[in-house]
Each structure stands twice: as C-alpha cells, then as structure tokens.
A.B. asks: 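Following this message is one structure expressed as structure tokens.
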There are 2 protein chains.
Amino acid sequence: MNDKIKSNIQYTNAAPILAAVDCIIFGVQENELQLLVFKREVEPLSGQWSLIGDFIKKDESVAVAARRVLEEVTGFNDIYMKQLHLFGELNRDPGDRVLSVAYWSLIRIDQVHQSFKARNHESKWVSFNKIPDLVLDHNEMVNMAIQTLREKARFHPIGFELLPAEFTIPQLLMVYEAIYNRKIDDRNFRKKILKSELLDRLEKKDKSTSKKGSFLYKFNNETYKKLQKEGYYFDF
Amino acid sequence: MNDKIKSNIQYTNAAPILAAVDCIIFGVQENELQLLVFKREVEPLSGQWSLIGDFIKKDESVAVAARRVLEEVTGFNDIYMKQLHLFGELNRDPGDRVLSVAYWSLIRIDQVHQSFKARNHESKWVSFNKIPDLVLDHNEMVNMAIQTLREKARFHPIGFELLPAEFTIPQLLMVYEAIYNRKIDDRNFRKKILKSELLDRLEKKDKSTSKKGSFLYKFNNETYKKLQKEGYYFDF
DNA sequence: TCAAAAGTGTTATTACTACACCCATGT
DNA sequence: ACATGGGTGTAGTAATAACACTTTTGA
C-alpha cells in the first residue's frame, strides 16, 4: 500500500482544499497549566498571538506534519501528542478556505527548561486562565484541548507526560492540581497512586525542593498495561 | 467573519488536498451493536463493502458535509453524531491523496425500522463482531469508533441515543449490554439509573415484549445538565 | 395453569473523604 | 533550635457487587 499513489486524479468531482495542522502545547510551570503561544508570522493577522502551525504538504501524512511542526519548535520528537479535532468551518481563516487539524501535546518540565525561543519563533508561555486573544478559531481549539486534557487525565495516567522520567510524588500532585486547578488531598492522593502500583520507588531522593528530600519514582508501564487490560481506570 | 473569503489564494506555498467525510453508523438490533455498511459505488474498489462517505465541497463546512452524508442515507437530520478522527496517511486511498474525517453516529431503533435501502444506496447492518473487510482504512475507523463509543458511553448518557424517546428499562439495559458486549446485573443497573433521577417514569407501559408490560421512561435532560454541572458522571 | 418477562432488597466488601501530627535535614 | 517541606493513619460514609424470589398477565 506504500507506493500506490497515482499521479492522475481519479476523483474528478472533488475539489481539493488547503489543510493545516495547529499544535496546542501544554506544560506545567509555577504550579499552573501553561500554554505555549507564538507570534504569527504570515499574513493575514501577522504579529498577533497564535498557535504554531503549518500547512500539510502533499507528500506527508497528517501525523508526520504534526510531528514536524512540534519538533521544529521544540527540538524533541518523542513528545506526547494526540489529535484533537478537525476544524472545518467555512470562513474560519480569512486568508482562504483552510481545514485545520489541531493536535495537543504535553511537554515535560525538564524539556521546557531548554529555551524554546532559540528555535526560530517568537513565543511565550501563558497561564491557562490568562490566555490572550489568539488568531482565527485558535481560542476555541485551546478550550477544547483543555477540556479534552482534563477528561483524558481523569482516566489515563498522562500526568506523567508533564514530568521528567524520574519525579517525586509532590511534583506529580502539583501537576494534577495544575490540570484541574484545584487542591487535591495529599494523603489520599498518595494512598491511591501507591496502591495502584503504577509507581516504582527509586533509591534516590530529590533534594532540590526540601531539606529532607523526596523519594524519586518512575512510572511502571508494565503495571499500567496490565491494569488497562483488566479494565482499571485511573481517577483523580 | 461570515463573508470574508477572498477569491485569490493568499497562502501561496500551500498545496490543496482532497478531503472527504466517512460516517460510522451504529445501531442496536437483536441485542447486538450493529454497523451499517454500504456497497462502494466509485472506482477504485467499487462494489466492495465500505462506510458511506463523500468529498467535502469547497463551499460547505466539514460539519455540514458530515450531516449531508448522514441525512442522505437516513433521511434524518437530528441524529447523534460526533467527529471521531482525521485519517491522513499518505497512501490510505489508492485513488488519490485524500484526507478523510470520520464521524460516528447513533441511530435509534425506531428510526432504523424505516427502510434505509430505499434511500439511494445498497446497504446492510452487520454485527460489530462480524464486520466484513471494508475498503481502505475503514476497518481501522470502525475499531476506533467502537472504542470511542465505549469510552463515551461510560461517562455520558448516550445509550438513550440508541432508543426511541420513550423506552423501558429492560431496553436500556439491553443497549448497554450490546455496547459493552457483556451481561450487566439487572437489579444494580435499575437501582443506579433510578437513583440518578435521569429517568422520568411515564404512566404508560410497553406491552410489546411481555405480558406483564414494562413501564416507559423518558430521559430527563434537565437533571442531566444539573448533574453535569456538579461533576457527576455516569458509569456503567 | 403455566410460561415469560418485569420488578424488587439485603448484605458484605470496597473505595472514598475528611482530617492533624511527626519526621528529617540544612541552615 | 527552628523552619521547611515530606511523609504517615484512622474512622465514618458512600458506592459497589453479588445474589434469588415474587408478580403479572396473556395464551
């Protein structure tokens, strides 16, 4: 199936349409869920805040296009990324009829620290509750993404995607508090997450945030797969 | 924003691509989740089983295109329908480079009884566990849709979308058993659904399936909205 | 009268919530 | 010695799962 494309268009009644990807990039910093926004570089609306995106090339798949855009700005190609929705209102883009498929992604705190601004685009992190006006329907995309992130986080262990591979329980708690924007009971959180056996405790401690130091854990993907098969779901 | 389209293409670097919608139509019949499949009418692969779909027109939104396709085959325009995913692998369609956005929909049993075959296409219902080989990546679409349906049904009361406005509890139970393909305890199901106050009992009974007759209920959308605000979720 | 589906309650177990104090350590 | 964040346990409440018999009525 990989080299079957014919050069002549067989579907003669159909009209081709421009198609783009836009990336919603989330991170957690300063105890808050944050969004990475960019200065738009093309007309119309050049200079306004925007999601990062690009047109899909004729010879690349949608998934590859999304990865390409994300990798171009972050430098990473192993980032958690999910398709959100295809936005296809007729006049969503005053520049032309353009379909846009939005992807949302979660960036790890340690990766965040490498400076993104070095990479080709003017950008900044903004708190999810102070998102500026963005071009086109990008605010709508972001709102849908936040809702999807919250739904997903409730039953799938994606909080880990926002942390380095080795993390502490207080860090993980902070991520969930940031995602849901509410306090979560410390002791109950611990009990629940440790009982699930989704975390393996390491022999090391992270002493960067306290004198006592906090044990480092890593996510146990084998347990996760096993629990998933049994119909377990993760609920915070 | 509604009449801003310019006739000249401003995005000069971008290549337009064909875009289509495909509809995954679910119903419940004979205690099983069923899928409506169609004989494909265009080359290539004409005559093989397929989802129903069409190209998106240059002057219609994606959502309108999906409604149009669904209404053309069913005659109904108030059917529950959600966007599933944009499928965009390079060579997913041997006829050309085509993006396809899949939608899934739930058809009510009473609507199903109006004969679809009268409406322009050769079609049949197939049980979800005996789905034939479909053209292109349509089997992949269906599998993703079943999974999404199950996830959605677990926390959103969409079982009702597969039933007439007035239904009995045994019917509703049957729908959930069909979606999850497993037995659900009768008494616990009743207790849970009645305690939620999502159902209003009518003074009528449906005597079509038993001599005793079973009370008819309807879904209380006001209670649902109220519960939703309070963070309630529906879990079977 | 009997077959077929509708309807009903209890108990044991498990999960959840709310809540306050001690621990370890670097300064 | 003290300030800071890390770590722990219990008890009351609510939700869940497992389980079997009676009711109604048309044929």
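Heavy atoms only: backbone and side chains are in, while hydrogens, waters and symmetry mates are out. So you know, we letter chains A, B, ... as the sequences are listed, proteins then strands, and number each from 1.
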A.B. asks: Return the residues of residues 161-172 of chain B meeting this criterion: a heavy atom under 4.0 Å from some atom of DNA chain C. Order them by number, or give none.
C.D. replies: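 Per residue number, the list reads P170(B).
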A.B. asks: Let me know the distance between CG of D185(B) and P of dG7(C), rounded to the nearest Å.
C.D. replies: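 Atom-to-atom, D185(B) to dG7(C), this comes out as 15 Å.
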A.B. asks: Show your working on salt bridge (charged side-chain N to carboxylate O under 4.0 Å, His left out) between E177(B) and R182(B) and close with a plain yes or no.
C.D. replies: CA-CA 5 Å; E177(B) 290 183 333; R182(B) 64 177 174 86; over 6 Å; no
A.B. asks: Report the residue from V64(B), D54(B), I56(B) that forms a side chain to side chain contact (heavy atoms under 4.5 Å, CB included) with V69(B).
C.D. replies: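 Testing each of V64(B), D54(B), I56(B) against V69(B), the sole residue satisfying side chain to side chain contact (heavy atoms under 4.5 Å, CB included) is D54(B).
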A.B. asks: So which of residues 190-220 of chain B are in contact with DNA chain D, with a heavy-atom cut-off of under 4.0 Å?
C.D. replies: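 Residues of residues 190-220 of chain B under 4.0 Å from DNA chain D: K191(B), K192(B), K207(B), K211(B), K212(B).
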A.B. asks: Distance check needed: dA5(C) P versus N31(B) CG, whole Å only.
C.D. replies: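 Whole-Å distance recorded here is 11 Å.
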A.B. asks: Distance check needed: dC16(C) C1' versus I184(A) CD1, whole Å only.
C.D. replies: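 Between C1' of dC16(C) and CD1 of I184(A): 14 Å.
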A.B. asks: Checking only heavy atoms, does the side chain of D186(B) share a donor-acceptor pair with the base of dA6(C) at less than 3.5 Å?
C.D. replies: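 When only heavy-atom distances are counted, D186(B) does not reach the base of dA6(C) through any donor-acceptor pair under 3.5 Å.
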A.B. asks: What is the distance from CG of N188(A) to P of dT13(D), rounded to the nearest Å?
C.D. replies: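 My rounded result for the distance is 16 Å.
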A.B. asks: Rounded to the Å, how far apart are M174(B) CE and dA5(C) P?
C.D. replies: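 Going from M174(B) (CE) to dA5(C) (P), I get 13 Å.
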A.B. asks: To the nearest Å, give me how far apart CZ (F189(A)) and P (dT8(D)) are.
C.D. replies: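 To the nearest whole Å, that distance equals 14 Å.
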A.B. asks: Grab the CZ-P distance between R187(A) and dC19(C) for me, whole Å please.
C.D. replies: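 It works out to 9 Å between those atoms.
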A.B. asks: May I have the distance from K183(A) (atom NZ) to dT17(C) (atom P), rounded to whole angstrom?
C.D. replies: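 Nearest whole value for this atom pair: 16 Å.
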A.B. asks: Does the side chain of T168(A) pick up a donor-acceptor pair with the side chain of D206(A) at under 3.5 Å?
C.D. replies: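 No donor-acceptor contact under 3.5 Å links the two side chains.
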A.B. asks: Contact between I146(A) and F128(A) at the side-chain level, heavy atoms closer than 4.5 Å - yes or no?
C.D. replies: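 They are in side-chain contact.
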A.B. asks: If a pair satisfies side chain to side chain donor-acceptor pair (under 3.5 Å) and one of its residues is in residues 209-218 of chain B, list it, with sequence neighbours excluded.
C.D. replies: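 Qualifying pairs, neighbours excluded: none.
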A.B. asks: Relative to the ring of H121(B), is the ring of F38(B) parallel (under 30°), tilted (30 to 60°) or perpendicular (over 60°)?
C.D. replies: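 Taking H121(B) first and then F38(B), their aromatic rings stand perpendicular (interplane angle over 60°).
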A.B. asks: Given side chains that start at C-beta, do those of I131(B) and Q34(B) come closer than 4.5 Å, heavy atoms only?
C.D. replies: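 Answer no - side chains too far apart.
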A.B. asks: Is a side-chain donor-acceptor pair under 3.5 Å present for S127(A) with E32(A)?
C.D. replies: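 Side-chain D/A pair, E32(A) to S127(A): present.
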A.B. asks: Parallel, tilted or perpendicular: which fits the ring planes of Y180(A) and Y176(A), with parallel below 30° and perpendicular above 60°?
C.D. replies: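 Correct class here is parallel.
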